[in-house]
Visitor: 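I have a structure here, written as structure tokens, and I will follow up with some questions on it.
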Amino acid sequence: MQLNLMPHPATPPSDPELKVWANVDHAGALGSTATTNIWFGVGAPADRFTIPVPTEAARADELWETTCFEAFLRVAGQESYREWNFAPSGEWNAFDFASHREGKTDADIEAAPYVRMEDNFTWWALGATIAVDAEQKWELGLSAILEEKDGTKSYWALAHPEGSEKPDFHDAACFTAHLP
């Protein structure tokens, strides 16, 4: 499925025509585990953005302080959820929350996500592949933090909470997509 992200009104990009989208493929299960592939696309040259230098894929903190992409997954109807962070450097992190920004713990991950970046010169993409429980119906929120070299930071999501003064990707209003 292809989904469009929108910038939060309080944090627009320097170019109002910038487009950010995501393609999500929730592949069939092998036993109790399914694979979810997420490609985030950015409709501008990569050299316009502050992009962390590629490193060896590893878990890292504070990825959201610069260009980063995020996926929020929760079982339909539940308050608890998992937050995934993916950086163009290949670094990643995952946290579990008991409810909206409450009870944060490092997620126990059996298989690290596969994170990669593709630069197409006029646009670029970040891909992340994660393993999820195949037995569940998932609600999904996708978001992006884009830091431009001129210092502009824009915060993108599938939806933003109505009337919010600042971005809050953890809000239930952001979980607008569904995985079968």
Visitor: Just checking, Arg74 and Phe175: is the charged tip under 6.0 Å from the six-membered ring centre and within 45° of the axis?
Guide: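 Yes; both conditions hold, so Arg74 lies above the ring face of Phe175.
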Visitor: Looking only at heavy atoms, which two atoms of Pro167 and Thr11 are closest? And how far apart?
Guide: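 Closest approach of Pro167 to Thr11, heavy atoms only: CG-OG1, 4.2 Å.
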Visitor: Which residue pairs pass the ring-ring contact (aromatic ring centres under 6.0 Å, His included) test when at least one of the two sits in residues 52-79, sequence neighbours left out?
Guide: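 Of all non-adjacent pairs touching residues 52-79, those that pass ring-ring contact (aromatic ring centres under 6.0 Å, His included) are Phe40-Phe69, Phe69-Trp124, Phe72-His170.
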Visitor: Listing request: all salt bridge (charged side-chain N to carboxylate O under 4.0 Å, His left out) pairs with a residue in residues 55-66, at least two apart in sequence or in separate chains.
Guide: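 Pairs touching residues 55-66 that pass the test: none.
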Visitor: What are the two closest heavy atoms between Asp47 and Lys149, and how far apart are they?
Guide: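 Nearest pair, atom of Asp47 first, then Lys149: O-NZ, 3.0 Å.
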Visitor: Will you find, in the side chains of Asn37 and Thr129, an N or O donor that is under 3.5 Å from an N or O acceptor?
Guide: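 Indeed, the side chains of Asn37 and Thr129 share at least one donor-acceptor pair under 3.5 Å.
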Visitor: Are Phe49 and Trp39 connected into the same hydrophobic cluster when the rule is that any two of I, L, V, M, F, W, Y join if their side-chain heavy atoms are below 4.5 Å apart?
Guide: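 Trp39 and Phe49: separate clusters.
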Visitor: For the atom pair CE (Met1) and CG (Leu3), what is the distance rounded to the nearest 0.5 Å?
Guide: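 It is 5.5 Å, given to the nearest 0.5 Å.
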Visitor: Evaluate the side-chain proximity of Leu126 to Arg116: yes if any heavy-atom separation is below 4.5 Å, no if none is.
Guide: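 No, too far: nothing below the 4.5 Å cut-off.
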Visitor: Is there a chain of hydrophobic side chains (I, L, V, M, F, W, Y, each step under 4.5 Å between heavy atoms) that links Phe169 to Tyr81?
Guide: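 The answer is yes; both residues are in one hydrophobic cluster.
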Visitor: To the nearest 0.5 Å, how far apart are CG in Asp25 and CG in Asn23?
Guide: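 Reported to 0.5 Å precision, the distance equals 9.0 Å.
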Visitor: Please indicate whether Tyr114 has more than 12 foreign heavy atoms, meaning atoms of other residues, nucleotides or ligands, lying under 6.0 Å from its OH.
Guide: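 Atom OH in Tyr114 is not crowded, with 12 or fewer foreign heavy atoms closer than 6.0 Å.
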Visitor: Pro113: what forms a side-chain contact (heavy atoms from CB on, under 4.5 Å) with it, not counting sequence neighbours?
Guide: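 Listed in chain order: Trp84, Phe86, Trp92, Val115, Ile130.
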Visitor: Grouping I, L, V, M, F, W and Y whenever their side-chain heavy atoms are under 4.5 Å apart, do Ile109 and Val132 come out in a common cluster?
Guide: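 Yes, because Ile109 and Val132 connect within a single hydrophobic cluster, where side-chain heavy atoms sit under 4.5 Å apart.
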Visitor: For Thr67 and Glu147: C-alpha separation, side-chain torsions, deciding distance, then whether side-chain hydrogen bond (donor to acceptor under 3.5 Å, both in side chains) applies.
Guide: CA-CA 5 Å; Thr67 301; Glu147 182 177 10; 5.3 Å; no
Visitor: What's the spacing between Cys174 SG and Glu70 CD if we round to 0.5 Å?
Guide: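 One gets 10.5 Å once the value is rounded to the nearest 0.5 Å.
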Visitor: Just checking, any donor-acceptor pair under 3.5 angstrom between side chains of Asp171 and His160?
Guide: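 Their side chains do not contain a donor-acceptor pair, so the 3.5 Å distance test is not met.
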Visitor: Just to verify, what does Asp133 make a side-chain hydrogen bond (donor to acceptor under 3.5 Å, both in side chains) with, not counting sequence neighbours?
Guide: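 With neighbours one apart ignored, the set is empty.
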Visitor: Going by side-chain heavy atoms closer than 4.5 Å, which hydrophobic residues are tied to Trp21, directly or by a chain of links?
Guide: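 Result for Trp21 is Trp123.
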Visitor: Thinking salt bridges, do Arg48 and Asp150 make one under a 4.0 Å N-O criterion?
Guide: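 Salt bridge between Arg48 and Asp150, a charged N being under 4.0 Å from a carboxylate O: no.
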Visitor: Of all heavy-atom pairs between Ala173 and Thr176, which one has the smallest distance, and what is that distance?
Guide: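 That would be O-CG2, 3.2 Å.
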Visitor: Which atom names give the shortest non-hydrogen contact between Asp108 and Asp96, and what distance separates them?
Guide: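 That closest heavy-atom pairing would be N-OD2, 4.4 Å.
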Visitor: Is the CD atom of Glu162 crowded by more than 12 outside heavy atoms at less than 6.0 Å?
Guide: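 No, not enclosed.
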Visitor: Check whether any side-chain N or O of Asp15 sits under 3.5 Å from a backbone N or O of Glu17 as a donor-acceptor pair, and report yes or no.
Guide: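 Flag set: sc Asp15 to bb Glu17 pair under 3.5 Å.
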Visitor: Is the terminal nitrogen or CZ of Lys104 (NZ for Lys, CZ for Arg) located under 6.0 angstrom from the six-membered ring centre of Phe95 and within 45° of that ring's axis?
Guide: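 Output yes; distance and angle both within limits.
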Visitor: Spell out, yes or no, whether Ile145 and Met117 are grouped together once hydrophobic residues are joined by side-chain heavy atoms under 4.5 Å, including indirect joins.
Guide: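 Different clusters: Ile145 never reaches Met117 through Ile, Leu, Val, Met, Phe, Trp or Tyr contacts under 4.5 Å.
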Visitor: In Å and rounded to the nearest 0.5 Å, what is the OG to CG distance from Ser154 to Leu146?
Guide: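 The CG atom of Leu146 is 4.5 Å from OG of Ser154, to the nearest 0.5 Å.
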Visitor: Measuring from atom OG1 of Thr36 to atom CG of Leu179, what distance do you get when rounded to the nearest 0.5 angstrom?
Guide: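 Atom-to-atom, Thr36:OG1 and Leu179:CG are 5.0 Å apart.
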Visitor: Working to the nearest 0.5 angstrom, can you tell me the gap between Lys19 NZ and Trp156 CH2?
Guide: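 Separation between the atoms: 7.5 Å.
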Visitor: On a heavy-atom basis, which atom in Ser14 and which in Thr152 lie closest, and how many Å separate them?
Guide: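 So the minimum-distance heavy-atom pair works out to N-CG2, 3.7 Å.
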Visitor: So which heavy atom on Ile51 is nearest to which on Ala46, and how close?
Guide: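 Closest approach of Ile51 to Ala46, heavy atoms only: CD1-O, 3.5 Å.
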Visitor: Do Glu83 and Asn85 have side-chain N/O donor and acceptor atoms under 3.5 Å apart?
Guide: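 Short answer, yes.
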Visitor: Among residues at least two apart in sequence or on other chains, which ones pass side-chain contact (heavy atoms from CB on, under 4.5 Å) with His178?
Guide: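 With neighbours one apart ignored, the set is Glu139.
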Visitor: Hey, any chance Leu158 and Val42 share a hydrophobic cluster, counting ILVMFWY side chains that come within less than 4.5 Å of each other, even indirectly?
Guide: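 As far as the 4.5 Å side-chain criterion goes, Val42 and Leu158 are connected within one cluster.
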